[in-house]
Number of protein chains: 2
Amino acid sequence: MSFFCLFFIYQAHPLTDDPRPGVGSTTHTVCAHHIAGEDCKFCSIRLISVCSALEPDEWASLERLASDIAFAEKMPLIREGDDSIWVYNVTSGIARLVRTLADGRRQVFGFAMPGDFLGLSLNPNWSFSVESVTPVTCCRFSRQSFSAFMDQKPHLLKKMHEFASHELSLARDHMMLLGRLSAEEKIAAFVWRMRQRWARVEGHAKLNVPLPMSRQDIADYLGLTIETVSRTINHLQRDRRLIIVPGGIRILTPNFFEDISSE
Amino acid sequence: MSFFCLFFIYQAHPLTDDPRPGVGSTTHTVCAHHIAGEDCKFCSIRLISVCSALEPDEWASLERLASDIAFAEKMPLIREGDDSIWVYNVTSGIARLVRTLADGRRQVFGFAMPGDFLGLSLNPNWSFSVESVTPVTCCRFSRQSFSAFMDQKPHLLKKMHEFASHELSLARDHMMLLGRLSAEEKIAAFVWRMRQRWARVEGHAKLNVPLPMSRQDIADYLGLTIETVSRTINHLQRDRRLIIVPGGIRILTPNFFEDISSE
DNA sequence: CGCCATGTTGATTTCTATCAAATTGAGTGG
DNA sequence: CCACTCAATTTGATAGAAATCAACATGGCG
């Protein structure tokens with residue numbers, strides 16, 4: 001097993017291209033931090049990521065292709081249109097998948113969380129951007145070598161297909177939300193979805209739901225404006241459905257959220 | 001090669017459950033028509049479907065698993081929640097992928113056209129309904145046997161993954177449309193998308209774009225109401241962007257549509 | 001302590017939905 | 001072949017939900 005322990009400062013740009021006022025232009029200059037690869041068998045997401053398809057003895061060969069990389073918050077991991085040199089397994093933190101139109105209108109497709117794979121399609125370039133919301137760490141592979149590895153491991157390909165199918169299913173849920181739900185329903189479904197998503201990362205569901213993304217991110221995810229998001233969340237608080245807490249919300253009436261999400 | 005030529009009348013129900021007035025309750029009683037399987041090498045979609053992954057000598061073994069099935073227009077191929085006994089390759093016609101909420105709100109996820117595969121995820125049950133818009137013919141496989149066949153053919157699995165990835169990409173385009181485009185932009189993008197989709201089926205793009213689905217289907221696809229769809233299309237006609245023709249529209253200013261779709 | 005980003009609240013506008021009615025058009029039977 | 005029927009579509013008037021425009025509040029951080 002070859003471990004390269006050089007601490008390489010990966011040059012990249014903070015998020016400065018956003019045309020909306022007040023977005024971007026942080027003082028960070030260090031975006032990504034390439035650190036030593038860790039042993040798969042100590043990996044916290046090995047059981048929930050695509051790697052779960054592999055047998056312990058196969059991890060060794062995958063490790064040889066992997067390197068760990070860390071991103072500060074609000075940094076671009078991937079830019080829409082870029083060649084996809086790398087694919088990523090998110091090991092910690094949250095990133096948003098986003099596309100922006102020429103006039104600045106933005107749509108967030110989803111939030112990548114630990115265990116999620118970026119590059120499921122193995123396409124030669126990216127059709128969306130990925131930006132860290134919190135600090136993010138990833139296990140990174142070159143697309144070429146990961147693809148070649150996959151060709152030798154049909155069970156890994158099968159797992160990738162399962163992940164892509166699951167994403168497709170979530171995408172359809174989201175189309176339903178965007179096309180047919182009211183602002184209140186969108187917020188309620190979002191809160192419930194985040195609760196379930198955290199449960200899968202943490203192993204158990206809680207009524208405290210961390211929402212590390214900004215109101216703008218939530219708005220762009222739900223096809224709303226920041227004002228409507230703020231108003232709706234505060235309205236739900238006034239109705240005693242939830243309480244706004246630092247860094248997220250606390251659900252008071254789980255049934256209300258569950259019913260809206262499943263109807 | 002075993003060909004079963006019995007003409008079996010498959011019992012199924014017309015679309016009668018739709019809560020909206022005037023939808024459903026056709027006089028058809030014959031839904032699906034199980035007809036003799038055809039030879040893959042004469043199949044019109046062999047080059048654009050998942051079957052394109054297979055070598056000519058592999059078609060023979062796939063044929064043994066396949067049977068052709070025909071549906072009249074406005075018939076259910078698949079009901080949301082059903083066990084997925086079968087998976088389908090659409091060989092002709094158009095079907096809509098749709099989900100309906102308890103209160104009747106509907107979202108159309110997309111339109112399946114010749115070459116499209118229904119059941120990419122190979123999940124044991126369906127998370128959406130599929131209903132024929134025009135008469136539809138499919139090449140049908142039992143999910144179990146298709147899945148087993150796929151396990152023997154990694155290149156077929158890879159093709160399935162490519163198709164799922166492509167669907168995911170289209171799903172993201174559609175999230176952008178639903179979340180951030182205006183009614184006029186939605187209609188224009190839809191028209192352009194249908195034009196491109198026909199081009200892939202027919203091999204060449206035309207300015208005449210057949211739209212066999214109803215205004216209601218278009219509305220439910222775009223997250224609009226039927227009235228807004230009608231008004232917007234007629235507004236585009238008044239602006240000399242297109243002409244409404246029987247069964248579809250004719251594009252007059254391709255650039256206008258292309259620009260809106262790609263911005 | 002004050003600055004700037006982020007979030008909240010209020011007033012008003014706008015786009016699309018809703019409600020309502022008229023028109024078209026495809027299919028049916030006389 | 002043509003009148004009739006019913007569904008589908010179009011058009012018009014009005015309502016309503018969310019966007020927009022505009023302050024104002026909060027809060028983290030130097």
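So that the names make sense, note that chain A is the first sequence line, chain B the second, and so on, each numbered from 1.
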Residue list, side chain to side chain contact (heavy atoms under 4.5 Å, CB included) with [X], at least two apart or on another chain:
{"X": "A/Leu168", "result": "A/Arg172, B/Glu167, B/Leu168, B/Ala171"}
{"X": "A/Ser127", "result": "A/Arg99"}
{"X": "B/Ser230", "result": "B/Asn234"}
{"X": "B/Ala199", "result": "B/Ala205"}

Mind grabbing the angle between the end helix axes of the helix from C/dC1-D/dG30 to C/dG30-D/dC1? Five pairs an end, 10° rounding.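 Rounded to the nearest 10 degrees, the bend comes out at 30°.
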Nearest-Å distance, [atom1] ([X]) to [atom2] ([N])?
{"X": "A/Leu222", "N": "D/dA18", "atom1": "CG", "atom2": "P", "value": "12 Å"}
{"X": "A/Arg215", "N": "C/dT9", "atom1": "CZ", "atom2": "P", "value": "10 Å"}
{"X": "B/Gln216", "N": "D/dA8", "atom1": "CD", "atom2": "C1'", "value": "10 Å"}
{"X": "B/Gln237", "N": "C/dT24", "atom1": "CD", "atom2": "P", "value": "14 Å"}
{"X": "B/Asp217", "N": "D/dT9", "atom1": "CG", "atom2": "C1'", "value": "14 Å"}
{"X": "A/Ile187", "N": "C/dT8", "atom1": "CD1", "atom2": "C1'", "value": "14 Å"}
{"X": "B/Asp220", "N": "D/dT9", "atom1": "CG", "atom2": "P", "value": "12 Å"}
{"X": "A/Leu236", "N": "C/dT9", "atom1": "CG", "atom2": "P", "value": "13 Å"}

Selection residues 241-256 of chain B - residue pairs positive for side chain to side chain donor-acceptor pair (under 3.5 Å), sequence neighbours left out: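 Pairs touching residues 241-256 of chain B that pass the test: B/Asn208-B/Arg250.
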Side-chain donor-acceptor pairs under 3.5 Å in residues 186-193 of chain B, sequence neighbours left out?
unit_1: B/Lys186; atom_1: NZ; unit_2: B/Leu222; atom_2: O; d: 2.9
unit_1: B/Arg193; atom_1: NH1; unit_2: B/His174; atom_2: ND1; d: 2.8
unit_1: B/Arg193; atom_1: NH1; unit_2: B/Tyr221; atom_2: OH; d: 3.0

Does the A/Thr232 side chain pair with the main chain of A/Ala183, one donor and one acceptor, at a distance under 3.5 Å?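 Not a single qualifying donor-acceptor pair exists.
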Residue list, salt bridge (Lys or Arg N to Asp or Glu O under 4.0 Å) with A/Arg197, at least two apart or on another chain: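 Salt bridge (Lys or Arg N to Asp or Glu O under 4.0 Å) list for A/Arg197, sorted by chain: A/Asp116.
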How would you summarise protein contacts on nucleotides 23-30 of chain D per nucleotide, using B for base, S for sugar-phosphate only and - for none, with heavy-atom distances below 4.0 Å? --------
Each nucleotide in nucleotides 10-19 of chain C should get exactly one letter: B, S or -. Can you fill that in based on protein heavy atoms under 4.0 Å? BB----SSBB
Would you please confirm or rule out a distance under 4.0 Å between OP1 or OP2 of C/dT6 and any side-chain N or O of A/Lys74?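 Yes.
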State plainly whether the residues B/Arg106 and B/Asp217 are in salt-bridge range, i.e. N to O under 4.0 Å.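 Yes, B/Arg106 and B/Asp217 are salt-bridged.
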Listed by chain and number, what are the side-chain hydrogen bond (donor to acceptor under 3.5 Å, both in side chains) partners of A/Ser182, not counting sequence neighbours?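 Counting only residues at least two positions away or on another chain, A/Ser182 forms a side-chain hydrogen bond (donor to acceptor under 3.5 Å, both in side chains) with A/Glu185.
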A/Ser49: what forms a side-chain hydrogen bond (donor to acceptor under 3.5 Å, both in side chains) with it, not counting sequence neighbours?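 A/Ser49: no side-chain hydrogen bond (donor to acceptor under 3.5 Å, both in side chains) contacts found.
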